[in-house]
Peer 1: 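Dumping the structure here so I can ask a few things about it.
Throughout, protein chains are lettered first and strands after them, A, B, ... in sequence-line order, and every chain is numbered starting at 1.
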Amino acid sequence: MVYIEHMSDPFDLGGAEPLPGEPAPPPYLSGLNGEQRAAVEATDGPLLVLAGAGTGKTRVLTSRLANILWSQKAWPSQVLAVTFTNKAAREMRERLETLLGGTVEGLWIGTFHAMAARILRRHAELVGLKSDFTILDTDDQIRLLKQLLSAANIDDKRWPARALSAVIDRWKNAGLSPQQIGQGHPLDNGFANGKAAELYAAYQQRLVELNAADFGDLLLHCLSIFAKYPDVLKDYQERFRYILVDEYQDTNVAQYLWLRLLAQSHHNICCVGDDDQSIYGWRGAEVGNILRFEKDFPGAAVVRLERNYRSTPHILGAASGVIAHNQGRLGKTLWTDTNEGEPVQVRAVWDGDAEARMVGDEVEALQSKGDTLDEMAVLVRASFQTRAFEERFITLGVPYRVIGGPRFYERREIRDALAYVRAVVSPADDLAFERIVNVPKRGLGDATMRTLHTTARASGVSLMAAAQVLCETDDLRAQARNALQRLLNDFARWRGLLSTMNHPELVEVILDESGYTSMWQQDKSADAPGRLENLKELIQALEEFENLSGFLEHVSLVMDNAANDDGDMVSLMTLHGAKGLEFDTVFLPGWEEELFPHQRALDEGGLAALEEERRLAYVGLTRARKRAIVSYAANRRIFDRWVNSAPSRFIEELPEDHIEREGETGLSATEWHDPGAAPAWLKPAHRGIREDRAPRWAARGQADHVFDEGDRIFHQKFGYGRILEMDGDKLYIAFEKAGDKTVLASFVEPAK
DNA sequence: AGATGTACCATTTTT
DNA sequence: TGGTACATCT
């Protein structure tokens, strides 16, 4: 049974036919439980699916999509399915095609940004752009802002472009264009004493001049078009009979407004999400969007998915116990009928090295029992934490992969190559030209570029046009002029080849003739061969596209990292990176106050941030199918300094019935120091440490001293202070330098 | 213009 | 500790 739709232009509904409608049982309903089926078959209208971790939410979303198409409620081109990542979009499409037993064409399925870009290309002129506008990434954005800042004579030491970029991103995430922002806007943060709004406007102006849009613009421009041109909006409202949204809890205001507008005609919007897994508040996601769904879409149906298929009851119990400490949840009670399994293990260790050894030993033990490394993951709060585990795994010879890191198109060589292509395709792309004008080195340095900029600005032309003018005068030194002329000739020649040569070949020619390839061939550094590999990969990827501009869009919006899936390996990643994944065994190291929850998050976001950190803990635990091992170190070397740390408050929040402690309660502090008493991974690793730098043991409740209120004390990190109040082993102390803090007694000694 | 030295800093990250 | 941005030297 094959599902086909013949439609080359997704905007043209003319040739589209509904499904062939063969009389066979719908394949997308088999194996669904009652609550899943309710979500899949819910009648039209707004629908919120509150799906807990491991309840099969992606499956439900896909099945609902299959149902819509199968029962001919809409043609594929009338359905919009949005996700946050390309990976999620790809997976959804693959599952859908499996369910329907054939390919589906014309469907609007992809990321928010890709879908918005698709709309924006058709109406670019309404916001002053051409339909072939380039999409800038963060790197380009920051380079552009740097120029604007220096033009405005703003000290970039005090007010770095990066900070301005963050302010502008915040505004864009909130759906605010420059016209909507007054002086002293609350999201401004006082950048350059209130200049941010002005700079934002200048930046948008410059983007139009460059015929460019940044990621935020893709949505924001759509919003302003919808606001200004109701007929355009109406067109899309009519078109999209069904809208499906994954990970709704992660939508920011701009995405929310975009969706709400598009759903206004048919009201068939189905959002799937889990408020307990909202972990992107810091980049503009609004949990409020999911909490408010029923108000925003009157008459909305709400279906809860609470049956968890992933984890054992102990893991689920531990995770639920932690998340129950959050206020303002929609509330779900996850349950499972799988076998009990092992309690979550909670392990106290001496320091970061001991922790890495513990994890390494455990990995080897599990492996020798027959577990595969693919089914093990180490999930950390901050990416620097992966290093300790990498080192340990290298020592042990355990294969591992680090998930995350720079994306393919963010790599320097890829961005350089793309800049060449961009500059060939669009001569007015100043940012691209600037990027590669002296890569490889051509003797075109700061001085030349300054002259180029002045000339370009004075006559209002692009840098390349200005360069052409300058080559005919003697404003530049002969050497620079010749180099520039040569480069311009190259570009003219390449541009001439655009129509005749096929594009993968052309890119290869450009990279060879510009000297870019040989630059890396001559580079002796260790990563040069890898970069050449990446360039080859880029050219290979080109072959799948009809033209260069299609490819450029793909690269900036769709291309993700090639999955490194050769061989059996342990995965190392951040908790954020682990969302949506699952493993038999999950290690959760570094559960210490200040690291997790991260102090910086708490400083910046207070209670809301603490709750987001707690959701991160919940996400981490619920990644595990069979086994979760949480650990915390008493001492940690962060950069060059030893820090004693208290166990994370999330450890206390783990329900005792579902955990098994090792190291803290079973052994006393004195026993820990006895080499025979503790398991190998508990022993201090450092033998030759000077006494003053050696970590001090800091087990909870194992204070070496008895204190009274009013005692003068000393703390390794905070210095001298006086005890104001005592609550068991918690001391409330007024430090002379560090202010008032609550500290565990074990970290404190009497002042001498 | 390019190389070399130095001070500084250090969540989380998709598009 | 390691990467980066800027200053200074050749």
Peer 1: Taking atom CG of A:Asp246 and atom OG1 of A:Thr111, what is their separation to the nearest 0.5 Å?
Peer 2: 12.5 Å
Peer 1: Could you pull out all residues at least two apart from A:Glu611 that satisfy salt bridge (charged side-chain N to carboxylate O under 4.0 Å, His left out)?
Peer 2: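 Expected list: none.
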Peer 1: Relative to the ring of A:His554, is the ring of A:Phe545 parallel (under 30°), tilted (30 to 60°) or perpendicular (over 60°)?
Peer 2: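 The arrangement is tilted - the two ring planes meet at 30° to 60°.
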Peer 1: For A:Glu553, enumerate each residue passing the side-chain hydrogen bond (donor to acceptor under 3.5 Å, both in side chains) test, keeping only those at least two apart in sequence or located in another chain.
Peer 2: A:Arg121
Peer 1: Counting only pairs under 3.5 Å, give me each side-chain donor-acceptor contact of residues 379-389 of chain A, with atom names and distances, residues two or more places apart or in other chains.
Peer 2:
{"unit_1": "A:Arg381", "atom_1": "NH1", "unit_2": "A:Glu613", "atom_2": "OE1", "d": "2.8"}
{"unit_1": "A:Arg381", "atom_1": "NH1", "unit_2": "A:Glu613", "atom_2": "OE2", "d": "2.6"}
{"unit_1": "A:Gln385", "atom_1": "OE1", "unit_2": "A:Arg381", "atom_2": "N", "d": "3.0"}
{"unit_1": "A:Gln385", "atom_1": "OE1", "unit_2": "A:Ala382", "atom_2": "N", "d": "2.7"}
{"unit_1": "A:Thr386", "atom_1": "OG1", "unit_2": "A:Ser383", "atom_2": "O", "d": "2.8"}

Peer 1: Please classify the nucleic acid contact of A:Thr448 as base, sugar-phosphate, or nothing, using heavy-atom distances under 4.0 Å.
Peer 2: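 Sugar-phosphate contact only - A:Thr448 comes under 4.0 Å of backbone atoms but never of a base.
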Peer 1: Any stems for DNA chain C, made of 3 or more Watson-Crick or G-U pairs in a row, each with both distances under 3.5 Å?
Peer 2: B:1-10 with C:1-10
Peer 1: How is A:Ala447 classified with respect to the nucleic acid when contacts are heavy atoms under 4.0 Å: base, sugar-phosphate, or nothing?
Peer 2: sugar-phosphate
Peer 1: Can we call the ring centroids of A:Tyr632 and A:Trp591 under 6.0 Å apart?
Peer 2: no
Peer 1: Walk along nucleotides 10-15 of chain B from 5' to 3' and tag each nucleotide B, S or - by protein heavy-atom contact under 4.0 Å, base first, then sugar-phosphate.
Peer 2: BBBBBB
Peer 1: Taking salt bridge (charged side-chain N to carboxylate O under 4.0 Å, His left out) as the definition, give me every residue that meets it alongside A:Asp416, ordered by chain and number, with sequence neighbours left out.
Peer 2: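 Listed in chain order: A:Arg435.
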Peer 1: Provide, to the nearest angstrom, the distance between the CE atom belonging to A:Met449 and the C1' atom belonging to B:dA1.
Peer 2: 15 Å
Peer 1: Syn or anti for B:dT12, taking syn as within 90° of 0?
Peer 2: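 Nucleotide B:dT12 adopts anti.
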Peer 1: Is the shortest heavy-atom distance from the side chain of A:Ser556 to the side chain of A:Asp137 under 4.5 Å?
Peer 2: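 They are not in contact (no side-chain heavy atoms under 4.5 Å apart), so the answer is no.
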